[in-house]
Amino acid sequence: GDVFEVVLAGADDFDDVVLRKFILDPEIQEQVVRAVKWFVHRDIPVLVASPYNVEMMEIIVTYLRADGIKVTGGVFLRDGFLAKGDVSLVAADLGKMFSIRGGDLQGKLDIRHAKAQVFDDDEKSWPQVGKLLIDGFRYERFSDKAPLDFAVRKSWLERQDSESFTPQPYEQLATALQALGRRRDARLALMEKEREFRRKGKLRAFRWLWSHVLEATIGFGYTPWRAVIWLVWLWLLGGAVFWLAGSSAAMAPTGFAQI
């Protein structure tokens, strides 16, 4: 059947785009919400406008595409928002907050090279594995309600649609966590970036082995204090070897040379 998209059209100035309890039926050939200048139409191109807030709650859409949109306030796809197809916000300026909390994204979420000051989400709002495109997505921090534990955020990163290594999502996550004072989680994010590079970077045997050595000894350089532990263990091991050798007479002092 035909594919329908929600697109933002019209260049007139207006304050807010708010859609609530609005169902986009694929069987409808054309449907226009004139008051807020949102259109649903077959093969209509995307036009850029600059609203203050874009709020879509309790809405079912087939596709949503607003690549390059510039929003001053924020974009809120939450609280009953259901996208059966892809949501594309490539290179969009999402304003002060981008929220998908309480949303249901069944297709891909493409926010590559988009930016927002605050990112608000929850685990239930994430798309399925292989349907998340976030390379180049920039945000300053997470909202107060967003999950911050790295074990949870790792699952978010693992949903990316990429067979190649892209370091930016890991570095961006670490920066945002660091800004919230979660230094350990930020460090874990950077260490996971190195593991991902090892998995997808097509390293030669020596570099692959050296990567394991660096991880085991100093945590890729992010936990240098591990080197002290290794030195202590080596010192204890050396002491134990010499003590055992001395107690079994396998080693004995040679005395001082006579002149």
Would you call the rings of Trp156 and Phe142 parallel, tilted or perpendicular, where under 30° means parallel and over 60° means perpendicular?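 Perpendicular.
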
Quick one: sort the Phe197 and Phe165 rings into parallel, tilted or perpendicular, breaks at 30° and 60°.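 Correct class here is tilted.
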
Charged N to carboxylate O under 4.0 angstrom, [X] versus [Y]?
| X | Y | value |
| --- | --- | --- |
| Lys96 | Glu140 | no |
| Asp121 | Arg153 | yes |
| Lys193 | Glu196 | no |

So which residues get pulled into Val118's cluster when ILVMFWY side chains under 4.5 Å apart are joined, directly or through others?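 Cluster partners of Val118: Phe76, Met97.
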
Would one find more than 12 heavy atoms of other residues, nucleotides or ligands at under 6.0 Å from atom [atom1] of [X]?
| X | atom1 | answer |
| --- | --- | --- |
| Gln128 | CD | no |
| Lys124 | NZ | no |
| Arg199 | CZ | yes |

Work out which heavy atom in Leu109 is nearest to a heavy atom in Pro127; give both atom names and the distance.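 Heavy atoms of Leu109 and Pro127 come nearest at CB-CG, 4.0 Å.
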
For side chain to side chain contact (heavy atoms under 4.5 Å, CB included), just list the numbers for Glu158 and Val129, CA-CA rounded to whole Å, side-chain angles, deciding distance to a tenth of an Å, and then say yes or no. CA-CA 7 Å; Glu158 290 173 344; Val129 175; over 6 Å; no

Among the clusters formed by ILVMFWY side chains lying less than 4.5 Å apart, do Leu148 and Ile134 turn up in the same one?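 Same hydrophobic cluster.
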
Check against side chain to side chain contact (heavy atoms under 4.5 Å, CB included), Lys131 and Arg159: CA-CA 6 Å; Lys131 294 186 176 182; Arg159 295 170 187 246; over 6 Å; no

Given Phe98, which of Val54, Asp120, Ile111 fulfils the side chain to side chain contact (heavy atoms under 4.5 Å, CB included) condition?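 Only one of Val54, Asp120, Ile111 forms a side chain to side chain contact (heavy atoms under 4.5 Å, CB included) with Phe98, namely Ile111.
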
Could you tell me which residues satisfy salt bridge (Lys or Arg N to Asp or Glu O under 4.0 Å) with Asp185, sequence neighbours excluded, listed by chain and number?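 By the salt bridge (Lys or Arg N to Asp or Glu O under 4.0 Å) rule, Asp185 matches Arg182.
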
